[in-house]
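Worksheet: the structure to be examined is printed underneath.
Quick note: numbers below take in every heavy atom, side chains included, and nothing from hydrogens, waters or symmetry partners. Naming: A, B, ... by sequence-line order, numbering from 1 per chain.
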Amino acid sequence: MKLSKLVFETQKEAPSGVNIISHVLLSRAGFIKQVANGIYTLGAPAQKMALKIENIIRDEMNKADGQEVKFPVVMPRELWEMSGRYFQIGSEMVRFKDRADHDMVLGMTHEEASVQFVTNTISSYKQLPFMIYQIQTKFRDEPRSRGGLIRVREFTMKDAYSFHNTLEDLEEYYYRQHQAYTNVFRRIGLKNCISVKSDTGMMGGQIAHEFMLLTPDGEDELVICDKCGYKSNMEVAECELEQINTKNDLPLSEVPTGEHTSIDDVTAFLKIQKTNVIKAVVYVDKDEKKPIIVFVRGDLEVNESKLKKILRKEILPFDAAGDASLAFGNIGPMNLSKDITVLFDRSIENREGMVAGANKAKHHLINFNVNRDLNVKEFVDIAKVKAGQKCKVCSHELKIENGIEVGNIFQLGDKYTKSMGMTVLNEKGEMMNPIMGCYGIGVGRAIASILQESFDEKGMILPVSVAPWTVHICPIRIDDEKVKEKAFSLYNQLNALSIDALIDDRETSAGVKFADADLFGMPIRLVVSPKGLDKNEIEIVIRKTREVVLVKEDEVIEKLKNIILKLQEELN
RNA sequence: CGGGAUGUAGCGCAGUUGGUAGCGUGCCACGUUCGGGACGUGGAGGUCGGGCGUUCGAGUCGCCUCAUCCCGACCA
């Protein structure tokens with residue numbers, strides 16, 4: 001590619017409001033341009049990166065016995081009614097009518113399409129297992145996209161679906177996919193990418209993992225144990241419950257606490273620890289709008305994912321202004337209306353000498369013994385894990401880090417084959433619903449993830465496996481015929497060898513060329529200059545290490561091949 | 001969907017009490033430069049997000065609307 005013909009514009013400053021590093025770099029280099037909120041055009045360099053990443057994914061999927069297919073972007077309502085998701089999913093699914101007034105949707109994932117594709121075509125257990133995958137555009141009307149390519153509404157995703165006779169077979173294949181994912185992320189150059197246990201959400205199913213790039217800009221919180229390797233998304237993270245003993249023989253009593261209603265105020269006022277308070281967190285049922293109260297130890301937060309899973313319902317935060325029936329700020333576990341759903345976190349089980357709201361304005365209860373003063377049928381684990389709490393597996397201290405989800409894998413079970421009526425005959429001649437797994441990787445997010453951890457103050461540092469061009473040729477003084485001739489001769493030789501080369505054939509100063517080359521971050525730069533040519537020398541610069549190698553003109557190609565090989569080996 | 005902010009040249013920004021719009025950068029031409037974002041001279045580029053209103057007159061004031069960004073809710 002001749003840089004003079006590339007549609008791009010480099011920028012010294014990032015557009016205002018752009019502050020995540022991958023977004024800054026992609027914008028400044030002109031690799032992407034925003035069209036609307038969460039919708040971007042990828043310029044040629046970003047698209048070339050995407051293609052290289054896709055090809056690595058293809059290679060790993062094919063090695064995992066996958067076959068590439070392509071599902072439609074637009075699907076009829078009926079397909080999504082069969083699985084039940086037409087009504088389950090909210091406005092993040094784009095719906096519209098075609099000219100015949102038929103309800104259609106834009107695909108945000110393709111479980112339905114994959115089941116529709118194989119139903120009736122696959123009819124025997126002998127044809128299982130198999131895996132089909134595609135790399136295609138998805139549209140999800142996210143309520144809030146952000147961070148450049150990290151969270152967008154329209155994006156390219158690889159999604160794969162496997163079908164099995166038994167759960168055991170799915171599990172075995174699931175771990176093959178886990179390995180394939182590990183390979184993909186290593187090969188595209190991601191270093192701090194880990195897999196964590198995750199929530200299955202609306203996908204259904206039991207076991208799921210997310211592949212997370214550790215970065216402070218990540219949107220997900222991850223709970224990690226350095227000792228035993230326990231890694232989990234906060235949504236499903238568990239920990240060992242610490243034992244706190246506060247013996248109390250004093251009778252329960254009510255004390256005035258005035259305007260002190262928040263945990264901070266109440267503990268300061270009564271001079272007690274947060275761990276000795278029973279905190280009430282109020283939600284409402286999304287459909288019936290009835291209150292739900294969760295009681296949890298004062299120093300802990302409610303994990304809303306766990307709450308939703310226990311309730312099997314969608315919830316909303318409680319709007320205190322809209323309801324006077326609860327003594328907001330003084331809510332306690334005693335004498336609550338029977339209409340209210342009440343849940344108790346395990347962190348308050350057996351606790352004595354606690355402080356709780358009195359369900360009465362300006363009053364709290366003290367000397368509250370949970371077992372003595374309350375009849376709780378069940379305590380549940382519904383609290384968010386805090387940094388410093390102990391690992392459930394090995395009791396080591398847990399830490400919390402942020403991550404970007406680059407990929408995920410799910411053991412789906414028979415949710416879709418059952419709801420959509422896909423059956424095969426087993427060896428006994430009985431109809432059965434195959435067991436499914438599904439596996440996704442966001443391609444654009446992978447690009448952003450690579451940049452999140454591979455850059456310096458001058459710009460991107462692209463791994464050789466995904467860089468749009470492997471070699472960036474900078475002819476200094478392209479108006480010098482000798483330089484021009486040599487530079488283009490190298491360019492042509494590299495092209496002949498199928499080594500992706502970019503030549504900066506613009507008539508501009510060395511400083512501009514170097515600055516742009518640094519920003520672009522191609523793994524290797526070749527500098528051809530009049531001074532160098534006088535000494536029969538070409539300069540090779542390795543972007544990652546800034547290492548400079550001077551080589552004789554006739555040795556350049558051999559030396560380049562060696563360097564490229566070495567850079568590739570680092571990713572194996 | 002709540003809370004906050006911003007919309008002026010491709011990008012980054014300034015624009016005073018209301019008087020017909022500017023700076024930096026980028027772009028074009030010519031000349032001098034030329035290995036780390038060169039310099040000089042001359043240019044092109046704006047219905048000031050849009051609409052309605054107040055006014056002799058609106059980038060500036062009022063109302064409405066749209067878009068974008070940030071925080072939260074949300075999120076396969």
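Distance check on atom P: B/C56 versus B/G18 gives 15 Å, rounded to whole Å. Taking atom C1' on both B/G59 and B/G2, the two are 31 Å apart, rounded to the nearest angstrom. Using atom P as the reference point in both B/G15 and B/G49, the two lie 14 Å apart (nearest Å). For B/U25 and B/A38, the C1' atoms lie 15 Å apart once the distance is rounded to whole Å. One C1' atom belongs to B/U54, the other to B/U60, and the distance between them is 13 Å to the nearest Å.
Base pairing of B/U54: no nucleotide in any strand meets the Watson-Crick or G-U wobble criterion (both distances under 3.5 Å). The partner of B/U41, taking Watson-Crick or G-U wobble pairs whose two distances both stay under 3.5 Å, is B/A29. Checking B/G59 for Watson-Crick or G-U wobble geometry (two distances, each under 3.5 Å) identifies no partner in any strand. With both pairing distances under 3.5 Å, B/G18 is matched to nothing as a Watson-Crick or G-U wobble pair. Nucleotide B/G2 has B/C71 as its partner under the Watson-Crick or G-U criteria, with both atom distances under 3.5 Å.
Of the listed nucleotides (B/U68, B/C34, B/U25), B/C34 has the atom at the smallest distance from the side chain of A/Arg477. Comparing B/U68, B/C71, B/G12 by their nearest atom to the side chain of A/Glu13 picks out B/G12. Among the nucleotides B/G35, B/C70, B/U25, the one closest to the side chain of A/Arg144 is B/C70. Closest to the A/Gln11 side chain, of the nucleotides B/C75, B/G26, B/G10, is B/G10. Side-chain proximity of A/Arg146 to the nucleotides B/C74, B/A38, B/G35 is greatest for B/C74. Counting only heavy atoms from C-beta on, A/Ser509 has its side chain closest to B/A38 among B/A38, B/C75, B/U25. Distances were taken from every side-chain heavy atom of A/Lys308 (C-beta onward) to each of B/C75, B/G37, B/G10; the shortest belongs to B/C75. Comparing B/G36, B/C69, B/G12 by their nearest atom to the side chain of A/Asp518 picks out B/G36. Listed candidates were B/G26, B/C74, B/G35. Nearest to the side chain of A/Arg151 is B/C74. Taking every side-chain heavy atom of A/Pro143 into account, B/A73 is the closest of B/G37, B/A73, B/G10.
A/Ser305 and A/Asp199 form no side-chain donor-acceptor contact under 3.5 Å, judged by distance and modelled atom types alone. In summary, the side chains of A/Asp159 and A/Tyr161 do present a donor paired with an acceptor at a separation below 3.5 Å, with no hydrogens or angles considered. There is no side-chain donor-acceptor pair under 3.5 Å between A/Tyr86 and A/Glu78. Checked by atom type, the side-chain pair A/Glu221/A/Asn402 shows no donor-acceptor distance below 3.5 Å. A donor-acceptor contact closer than 3.5 angstrom links the side chains of A/Asn233 and A/Glu210.
Residue contacts for A/Glu304: at a heavy-atom cut-off of 4.0 Å it reaches the sugar-phosphate backbone alone, with no base atom in range. Counting non-hydrogen atoms under 4.0 angstrom, A/Thr508 reaches nothing in the nucleic acid. Among the heavy atoms of the strands lying under 4.0 Å from A/Lys458 is at least one base atom, whether or not backbone atoms are also near. Residue-level contact check: A/Arg28 touches the bases, meaning some heavy atom is under 4.0 Å from a base atom. Using a 4.0 Å heavy-atom cutoff across all strands shown, A/Ala14 reaches sugar-phosphate atoms only and no base atom. At the heavy-atom level, A/Ala510 lies under 4.0 Å from the strands shown only through sugar-phosphate atoms. Residue contacts for A/Pro15: at a heavy-atom cut-off of 4.0 Å it reaches the sugar-phosphate backbone alone, with no base atom in range.
Atom P of nucleotide B/A38 and atom CD of A/Glu507 are separated by 15 Å, given to the nearest angstrom. Spacing between atom CD1 of A/Ile39 and atom C1' of B/C69 amounts to 16 Å, rounded to whole angstrom units. Whole-Å rounding puts the A/Asn37 CG to B/U6 C1' distance at 15 Å. A/Phe8 places its CZ atom 10 Å from the P atom of B/C27, with the value rounded to the nearest Å. To the nearest angstrom, P of B/G26 lies 10 Å from CD of A/Glu9. Rounded to whole Å, the distance from CZ on A/Arg153 to C1' on B/A67 is 12 Å. Across the protein-nucleic acid pair, A/Gln88 atom CD and B/C74 atom C1' stand 16 Å apart, rounded to whole Å. What separates CD of A/Glu301 from P of B/A73 is a distance of 11 Å, to the nearest Å.
Nearest-nucleotide mapping onto RNA chain B: of A/Met108 and A/Ile20, the residue sitting toward the 5' end is A/Ile20. Residue A/Arg525 is the one, among A/Gly147 and A/Arg525, whose nearest nucleotide of RNA chain B lies closer to the 5' end (criterion: closest heavy atom).
A side-chain hydrogen bond (donor to acceptor under 3.5 Å, both in side chains) with A/Gln134 is found for exactly one of A/Gln67, A/Glu68, A/His110, A/Lys158, namely A/His110.
A distance below 6.0 Å separates the ring centres of A/Phe8 and A/Phe520.
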side-chain hydrogen bond (donor to acceptor under 3.5 Å, both in side chains) assessment of A/Asp516 paired with A/Thr10: CA-CA 7 Å; A/Asp516 282 346; A/Thr10 54; 2.9 Å; yes
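A donor-acceptor contact under 3.5 Å is formed by the side chain of A/Glu539 with the base of B/G35.
Phosphate proximity of B/A67 to A/Gln34: absent, as no side-chain N or O sits under 4.0 Å from OP1 or OP2.
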